[in-house]
Amino acid sequence: SSMETALISVIVPVYNVAQYLEKSIASIQEQTYQNLEIILVDDGATDESGRLCDAIAEQDDRVSVLHKKNEGLSQARNDGMKQAHGDYLIFIDSDDYIHPEMIQSLYEQLIQEDADVSSCGVMNVYANDESPQSANQDDYFVCDSQTFLKEYLIGEKIPGTICNKLIKKEIAIALSFPKGLIYEDAYYHFDLIKLAKQYVVNTKPYYYYFHRGDSITTKPYAEKDLAYIDIYQKFYNEVVKNYSDLKEVAFFRLAYAHFFIMDKMLLDDQYKQFEAYSQIHRFLKGHAFAIARNPIFRKGRRISALALFINISLYRFLLLKNIEKSKKLH
């Protein structure tokens, strides 16, 4: 189409994902929007990934490979950004894949609405099934930072991954991913909201987010997980200061972060020994009634907050029973 003039840079960090890599990159190469620069960042992979990247680059002159020493996902994306020549940037993770029209639709709506950031929906892909993040896949809206922030904190119409968003290059490169921290996408969004003014969102589930094996909640707790509470505390403080209408939504996200970490801790029989346990328990117990009243939480979550208020062992019993049930589903 005549619209297809801009070069779009697609940055793909690659680390030990040989069995997913070809499907992922093929889905980018097969985009209806063809004017792409595909930057594969080999983050010191120790499997076949690096060689696969080189083989793909030989077949397609839109693909280039940056081999570097292993420093983690954040730095791989930052380094990929430095190599980008496009007017727009998008980050795709190499174990995920995308719908053939994803980049075209993100670009067209961005141009049409003169937006800084363009977002689409996510399809959560599990071993045996898939489910869209948003209940309605036909939403479309243009918004400012406040509405974007609200929907991002709720996490349905604007999922928390960065990989479903096309961003104007001058904005993207003014930001960076935090080296050495997990939940790096949340930190990046926190900075993005301060720079970008105009956003356009559709909820078509065009980004296929592949959940490997068990979901992240069944990965045991590690101290680095506390970054998740840290970033949503930052969001909460920012909201209280600058977006006071969103206080209930920001509280939802902060409480959700506490539940998320608590649930990880409780997978360990010695959960009371974790240094941060008592603080997280105190937060959830102290806010149990606010959580029970907060309509953004699902009903099950609101009931579980009351269970936790009564007795942590009761809460843990319900949690472990629930995990058993969900393992049978997948």
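- Looking at Glu37, its side chain never comes within 3.5 Å of a backbone N or O of Ala84 through a donor-acceptor pair.
- Tyr187 and Leu226 fall within a single hydrophobic cluster, where Ile, Leu, Val, Met, Phe, Trp and Tyr are joined by side-chain heavy atoms under 4.5 Å apart, directly or via other members.
- Asp87 pairs by the side-chain contact (heavy atoms from CB on, under 4.5 Å) definition with Ala6, not counting sequence neighbours.
- Linking Ile, Leu, Val, Met, Phe, Trp and Tyr residues whenever their side-chain heavy atoms come within less than 4.5 Å places Tyr152 and Val240 in a single cluster.
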- request: Please report the C-alpha distance between His287 and Leu284 in whole Å, then the side-chain angles of each, then the deciding distance to 0.1 Å, and finally whether the side chain to side chain contact (heavy atoms under 4.5 Å, CB included) criterion is met.
  value: CA-CA 5 Å; His287 294 96; Leu284 289 169; over 6 Å; no

Pairs of donor and acceptor atoms involving the side chains of residues 134-150, under 3.5 Å and at least two apart or interchain, shall be tabulated with distances.
{"from": "Ser134", "atom 1": "OG", "to": "Asn136", "atom 2": "O", "distance (Å)": "2.9"}
{"from": "Asn136", "atom 1": "OD1", "to": "Asp138", "atom 2": "N", "distance (Å)": "2.8"}
{"from": "Asn136", "atom 1": "ND2", "to": "Asp139", "atom 2": "OD1", "distance (Å)": "3.0"}
{"from": "Gln137", "atom 1": "NE2", "to": "Ser134", "atom 2": "O", "distance (Å)": "2.8"}
{"from": "Gln137", "atom 1": "NE2", "to": "Ala135", "atom 2": "O", "distance (Å)": "3.3"}
{"from": "Tyr140", "atom 1": "OH", "to": "Glu113", "atom 2": "OE2", "distance (Å)": "2.7"}
{"from": "Asp144", "atom 1": "OD1", "to": "Gln146", "atom 2": "N", "distance (Å)": "3.3"}
{"from": "Asp144", "atom 1": "OD1", "to": "Thr147", "atom 2": "N", "distance (Å)": "3.1"}
{"from": "Asp144", "atom 1": "OD1", "to": "Thr147", "atom 2": "OG1", "distance (Å)": "3.3"}
{"from": "Ser145", "atom 1": "OG", "to": "Ile193", "atom 2": "O", "distance (Å)": "3.2"}
{"from": "Ser145", "atom 1": "OG", "to": "Ala196", "atom 2": "O", "distance (Å)": "3.1"}
{"from": "Ser145", "atom 1": "OG", "to": "Tyr199", "atom 2": "OH", "distance (Å)": "3.3"}

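- When hydrophobic clusters are built by joining Ile, Leu, Val, Met, Phe, Trp and Tyr residues whose side-chain heavy atoms come closer than 4.5 Å, directly or via intermediates, Leu318 is not grouped with Phe297.
- The backbone N or O of Pro13 lies less than 3.5 Å from a partner atom in the side chain of Ser94, making a donor-acceptor pair.
- Closest approach of Met123 to Ser131, counting heavy atoms only: SD-C, 3.5 Å.
- In this structure, CG on Leu7 lies 9.0 Å from NE2 on His85, to the nearest 0.5 angstrom.
- The OG atom of Ser176 sits 8.0 Å away from the CD atom of Gln75 when rounded to the nearest 0.5 Å.
- Side chain of Asn164 to backbone of Cys120: a donor-acceptor contact under 3.5 angstrom is found.
- For Phe190, the ring-ring contact (aromatic ring centres under 6.0 Å, His included) test picks out Phe235, with sequence neighbours left out.
- Across every non-hydrogen atom of Val122 and Thr161, the tightest pair is CG2-CG2, 3.8 Å.
- Under a hydrophobic clustering in which Ile, Leu, Val, Met, Phe, Trp and Tyr are joined whenever their side-chain heavy atoms come within less than 4.5 Å, directly or via other members, Tyr15 and Ile56 fall into different clusters.
- For Ala45 against Gly50, the heavy-atom pair with the smallest separation is CB-N, 4.4 Å.
- Pairs engaging residues 298-311 under the salt bridge (charged side-chain N to carboxylate O under 4.0 Å, His left out) rule: Asp263-Arg301 [sequence neighbours left out].
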Could you go through residues 244-256 and list every donor-acceptor pair under 3.5 Å that involves a side-chain atom there, pairing it with any protein atom two or more places apart or in another chain?
{"from": "Arg253", "atom 1": "NH1", "to": "Leu153", "atom 2": "O", "distance (Å)": "3.0"}
{"from": "Arg253", "atom 1": "NH2", "to": "Tyr228", "atom 2": "OH", "distance (Å)": "3.3"}

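- Using a 4.0 Å cut-off between charged side-chain N and carboxylate O, Glu101 and Lys204 make no salt bridge.
- Residues Met262 and Ile312 meet the side-chain proximity criterion, which asks for heavy atoms closer than 4.5 Å.
- Counting all heavy atoms, side chain and backbone alike, Leu175 lies closest to Leu192 at CD1-CA, 3.6 Å.
- Residue Val14 comes nearest to Ser49 through the heavy atom pair CG1-CB, 3.5 Å, listed as atom of the first residue, atom of the second, then distance.
- Residues passing the salt bridge (Lys or Arg N to Asp or Glu O under 4.0 Å) test with Lys224, sequence neighbours excluded: none.
- Atom CG in Leu266 sits 10.0 Å away from atom CD1 in Ile280 (nearest 0.5 Å).
- Side chain of Ser74 to main chain of Pro178: a donor-acceptor pair is present (N/O by atom type, distance under 3.5 Å, no hydrogens or angles).
- For the residue pair Asp93 and Tyr20, no side-chain donor N or O sits within less than 3.5 Å of a side-chain acceptor on the partner.
- The salt bridge (charged side-chain N to carboxylate O under 4.0 Å, His left out) analysis of residues 308-319, with sequence neighbours excluded, yields the pairs Asp269-Arg316.
- Closest approach of Ile92 to Cys163, counting heavy atoms only: CD1-O, 3.8 Å.
- Here the side chains of Thr5 and Asn35 are not in contact, with every heavy-atom distance at 4.5 Å or above.
- Scanning for salt bridge (Lys or Arg N to Asp or Glu O under 4.0 Å) contacts around Lys285 gives an empty result, with sequence neighbours left out.
- Using a 4.5 Å heavy-atom cutoff, the side chains of Glu151 and Val201 are not in contact.
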Could you give the side-chain donor-acceptor pairs of residues 61-71 under 3.5 Å, partners two or more places apart or in another chain?
{"from": "Arg62", "atom 1": "NE", "to": "Asp60", "atom 2": "OD1", "distance (Å)": "3.2"}
{"from": "Arg62", "atom 1": "NE", "to": "Asp60", "atom 2": "OD2", "distance (Å)": "3.4"}
{"from": "Arg62", "atom 1": "NH1", "to": "Gln34", "atom 2": "O", "distance (Å)": "2.9"}
{"from": "Arg62", "atom 1": "NH2", "to": "Gln29", "atom 2": "O", "distance (Å)": "3.0"}
{"from": "Arg62", "atom 1": "NH2", "to": "Asp60", "atom 2": "OD2", "distance (Å)": "3.1"}
{"from": "His67", "atom 1": "ND1", "to": "Asp42", "atom 2": "OD2", "distance (Å)": "2.7"}
{"from": "His67", "atom 1": "NE2", "to": "Asp54", "atom 2": "OD1", "distance (Å)": "2.8"}
{"from": "His67", "atom 1": "NE2", "to": "Asp54", "atom 2": "OD2", "distance (Å)": "3.2"}
{"from": "Lys68", "atom 1": "NZ", "to": "Asp43", "atom 2": "OD1", "distance (Å)": "3.3"}
{"from": "Lys68", "atom 1": "NZ", "to": "Glu71", "atom 2": "OE1", "distance (Å)": "3.1"}
{"from": "Asn70", "atom 1": "ND2", "to": "Asp43", "atom 2": "O", "distance (Å)": "3.0"}
{"from": "Asn70", "atom 1": "ND2", "to": "Asp43", "atom 2": "OD2", "distance (Å)": "3.0"}
{"from": "Glu71", "atom 1": "OE2", "to": "Lys179", "atom 2": "NZ", "distance (Å)": "2.8"}

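- The closest side-chain heavy-atom distance from Ile103 to Val10 is below 4.5 Å.
- Using a 4.5 Å cut-off on side-chain heavy atoms (C-beta onward), Gln31 and Ile38 make no contact.
- Taking the six-membered ring for Trp and thresholds of 30 and 60 degrees, Tyr188 and Phe177 have nearly parallel ring planes, at less than 30 degrees apart.
- Taking a 4.5 Å side-chain heavy-atom cut-off between Ile, Leu, Val, Met, Phe, Trp and Tyr, the cluster of Phe289 extends to Leu306, Phe309.
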Query raised in the report: Run the side-chain hydrogen bond (donor to acceptor under 3.5 Å, both in side chains) check on Glu108 and Gln112 step by step: do they pass?
Result: CA-CA 6 Å; Glu108 283 180 358; Gln112 193 177 327; over 6 Å; no

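- Met265 places none of its side-chain heavy atoms less than 4.5 Å from the side chain of His281.
- Taking CD from Glu22 and SG from Cys53, the interatomic distance works out to 10.0 Å, rounded to the nearest 0.5 Å.
- In this structure Asp96 satisfies the salt bridge (Lys or Arg N to Asp or Glu O under 4.0 Å) test with no other residue, sequence neighbours excluded.
- Between atom CD1 of residue Ile11 and atom CD1 of residue Ile162 there is a gap of 11.0 Å, rounded to the nearest 0.5 Å.
- A salt bridge links Lys168 to Asp116: at least one charged side-chain nitrogen sits closer than 4.0 Å to a carboxylate oxygen.
- Under the 4.5 Å side-chain criterion, counting only non-hydrogen atoms from C-beta, Phe283 is not in contact with Gln279.
- Ile310 is not listed as a side-chain neighbour of Tyr315, based on a closest heavy-atom distance of 4.5 Å or more.
- Gln233 and Asn237 share a side-chain donor-acceptor pair at under 3.5 Å.
- Lys23 pairs by the salt bridge (Lys or Arg N to Asp or Glu O under 4.0 Å) definition with nothing, not counting sequence neighbours.
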